[in-house]
Amino acid sequence: MSKEKSNIGVYVRMRPHFSNERLSDKIQVNNHDHSIELITQTKPYKKRYKFDHVGDGDSNQLDLFEKVGKPIADKCLNGYNGTIFAYGQTGTGKTYTIQG
């Protein structure tokens with residue numbers, strides 16, 4: 001089965017964990033196949049989510065802007081419509097990622 005090219009992409013950036021957070025559940029980021037795997041310790045549960053791109057806790061804002069924001073901005077400057085919808089916790093850099 002071939003994967004068709006789409007005009008819609010889903011990009012995820014995982015923020016680093018803070019030192020005061022308890023990590024009873026495990027989140028594994030796999031950049032090779034662009035997936036995030038959630039493994040809970042309290043209940044036997046394991047689920048994998050796939051995306052077009054996954055940035056782990058070590059990724060920075062500039063890299064994500066180059067990967068997501070810049071190509072859309074370039075297409076808009078060439079006359080095409082473009083939209084970036086950013087969702088996430090307050091203060092995690094959504095506006096900076098979009099605006100550069």
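- In this view, Lys70 and Asp74 satisfy the side chain to side chain donor-acceptor pair (under 3.5 Å) rule, not counting sequence neighbours.
- Between Glu66 and Pro71 the shortest heavy-atom distance is O-CD, 3.3 Å.
- The distance from the NZ atom of Lys47 to the CD atom of Glu37 is 10.5 Å, given to the nearest 0.5 Å.
- Here side-chain hydrogen bond (donor to acceptor under 3.5 Å, both in side chains) pairs that include residues 77-87, with residues two or more places apart or in two chains, number zero.
- Side chain of Lys50 to backbone of His34: no donor-acceptor contact under 3.5 angstrom is found.
- Going from atom OG of Ser35 over to atom OH of Tyr49 covers 12.0 Å, rounded to the nearest 0.5 Å.
- Distance CD1/Ile84 to CZ/Phe65: 7.5 Å, rounded to 0.5 Å.
- Listed for the Asp52 side chain is a donor-acceptor partner under 3.5 Å among the backbone atoms of Val10.
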